[in-house]
Amino acid sequence: MPIEFTHLPGKTADAAVPFFYDFAETSIKLGLIEDSGFQKIVVDDSAGLLTNMDLASQVLNRTASLQVVLTHWAGVIEPTVAARQLASIDRESAGRLTLRMISEPLNDDDAETRPVGHGVVWQRIDEYLVLLKRLWSNDRPFDHEGAFYSIKSGYVPRKGPHGADLVVRMGGQSGTALKVAGRHADVFELAPGPIDDIRQLMERARGAAAEHGRAGKLRFALPVRIHQGVSAAGHKAVDLSGPPAQAALSLLAYAGLGIDEFMIVGVDTPREIATAGRETLALLRNSLARREASEFQPGAYAPRPGLETRAAG
């Protein structure tokens, strides 16, 4: 089972400078990330959606194979404008773009306290994604009048290499979020928690995707924090303690659930990036290769006693 690693930039406890603040320094880090075994990097800057698009283009221009996971949300720009810009970025990068849709300005955690607003946000995301995919695939202009968007003669003449098949990533835990993710998501980003809770969330997500005939197409990503000295803040992740071999063994248990990708948090300095690639990532790949040779079966490997894994904010 191939495992992919995604770099999730954060802020270290001793430096409140965003990862993409100084792009000369960032370019050095990007080269290390690409060489250390990461396949992807998340672009999610606090400056907002339009800045994310610009940063995504810069990252793609400065790397050869690294895929960019562009954090995006509905409600800032019109679908036709977004579809055109995203298709252009994907085209210029030869298809290395992935779209990560989040529920801004409301978080999925607001589901219980603000059920009406929560539902409206996800309905808008649903309509937005339907329109993006239609704009990326239509061969003639179309009109649309929906609950959130009105389009006249909508058309994107220059499609991206993936067209409407651009990979979409989503997450969430509420029934509303899962319903929308089941319809659109190719990759489902899991919420951190005990391994049994993660297993249950995966089952719920597969069930939502099955309603659209997509259960077998859904892949799963889990954010994990690897301790390399200073712990990073700003992202919720499964917290892995101990030396690299123990962290790799902990990840192996999650891989046994059928998780295809680990989003690595807390490795933002050049030394942390290089160490994570040389030790934890390499150890996990080697362990998986050995177990695959022994007829590895998803779900067969439960956490071993003594492994400390917990959810951390």
Side-chain angles (χ1 to χ4, degrees), residues 1-10 12-13 32-42 69 171 187-203 205-206 218-313:
M1 177 179 64
I3 292 291
E4 294 187 328
F5 296 98
T6 298
H7 186 273
L8 186 55
T12 58
L32 284 171
I33 289 169
E34 198 165 22
D35 293 340
S36 296
F38 289 90
Q39 287 78 35
K40 307 170 187 175
I41 184 171
V42 173
V69 178
V187 178
F188 189 87
E189 294 186 4
L190 296 158
I195 198 164
D196 287 339
D197 290 352
I198 292 173
R199 181 188 293 109
Q200 291 175 14
L201 182 56
M202 291 172 68
E203 292 173 355
R206 287 194 186 101
L218 194 62
R219 303 191 305 276
F220 293 95
L222 178 69
V224 297
R225 178 172 294 128
I226 298 175
H227 282 239
Q228 299 288 346
V230 178
S231 178
H235 294 291
K236 293 181 178 180
V238 171
D239 195 21
L240 304 182
S241 300
Q246 184 172 321
L249 191 59
S250 300
L251 291 178
L252 195 63
Y254 289 100
L257 297 179
I259 293 172
D260 310 284
E261 175 187 340
F262 293 110
M263 304 170 69
I264 307 298
V265 182
V267 289
D268 290 321
T269 68
R271 179 180 179 182
E272 290 169 345
I273 293 167
T275 301
R278 184 176 61 251
E279 297 180 352
T280 306
L281 274 61
L283 284 168
L284 178 60
R285 285 198 178 95
N286 292 338
S287 297
L288 282 172
R290 288 194 296 270
R291 289 201 173 182
E292 282 178 354
S294 302
E295 297 184 346
F296 175 87
Q297 295 294 325
Y301 298 95
R304 291 174 55 182
L307 294 183
E308 181 185 349
T309 59
R310 57 184 176 85

- OG1 of Thr6 to CD of Glu189, rounded to nearest 0.5 Å, is 8.5 Å

- Item | Reported CD1-to-CD distance for the pair Ile264 and Glu272, which is rounded to 0.5 angstrom | 12.5 Å

- Pairing residues for Glu203 by the side-chain contact (heavy atoms from CB on, under 4.5 Å) criterion, not counting sequence neighbours: Arg199

- May I ask you to decide if Arg271's main-chain N or O and Thr275's side chain share a donor-acceptor pair within less than 3.5 Å? yes

- Task: Taking the side chain as every heavy atom from C-beta outward, state whether His7 and Val267 have any pair of such atoms under 4.5 Å apart.
- Result: yes

- Message: For the CZ atom of Phe5 and the CD1 atom of Ile226, what is their distance to the nearest 0.5 Å?
- Response: 8.0 Å

- Task: Enter the distance from Leu252:CG to Asn286:CG here, rounded to the nearest 0.5 Å.
- Result: 11.5 Å

- In short, Ala237 meets Pro192 closest at the heavy-atom pair C-CB, 3.5 Å

- Message: Holding to side-chain contact (heavy atoms from CB on, under 4.5 Å), I want the full list of residues that pass it with Pro243, two or more places apart in sequence or in another chain.
- Response: Gln246

- Note on the structure: For Ala274 and Ser36, the nearest pair of non-hydrogen atoms, with its separation, is CA-OG, 3.9 Å

- Task: Could you walk me through whether Phe262 and Leu281 pass the side-chain contact (heavy atoms from CB on, under 4.5 Å) test, one step at a time?
- Result: CA-CA 10 Å; Phe262 293 110; Leu281 274 61; over 6 Å; no

- Identify the two heavy atoms, one from Val187 and one from Ala221, that lie closest to each other, and give their separation to 0.1 Å. CG1-CB, 4.0 Å

- Message: I need the minimum non-hydrogen distance between Glu4 and Gln39, along with the two atoms involved.
- Response: CA-OE1, 3.2 Å

- Under the side-chain contact (heavy atoms from CB on, under 4.5 Å) test, which residues partner Ile198, sequence neighbours left out? Leu190, Met202, Leu222, Val238, Tyr254, Leu257, Ile259

- Query: Between Ala191 and Leu201, which heavy-atom pair has the shortest distance, and what is it?
  - Reply: N-CD2, 3.7 Å

- Separation of Leu32 CG from Thr269 OG1 (nearest 0.5 Å): 9.5 Å

- Item | Partner set under side-chain contact (heavy atoms from CB on, under 4.5 Å) for Ala205, not counting sequence neighbours | Leu178, Phe188, Leu218, Phe220

- Heavy-atom closest pair, residues Ala255 and Ile3: CB-CD1, 4.1 Å

- Item | Set of salt bridge (charged side-chain N to carboxylate O under 4.0 Å, His left out) partners for Glu261, sequence neighbours left out | Lys40, Arg169

- Output the distance between atom CG (Leu251) and atom CG (Leu284), rounded to the nearest 0.5 Å. 5.5 Å

- So salt bridge (Lys or Arg N to Asp or Glu O under 4.0 Å) across residues 243-256, not counting sequence neighbours, yields none

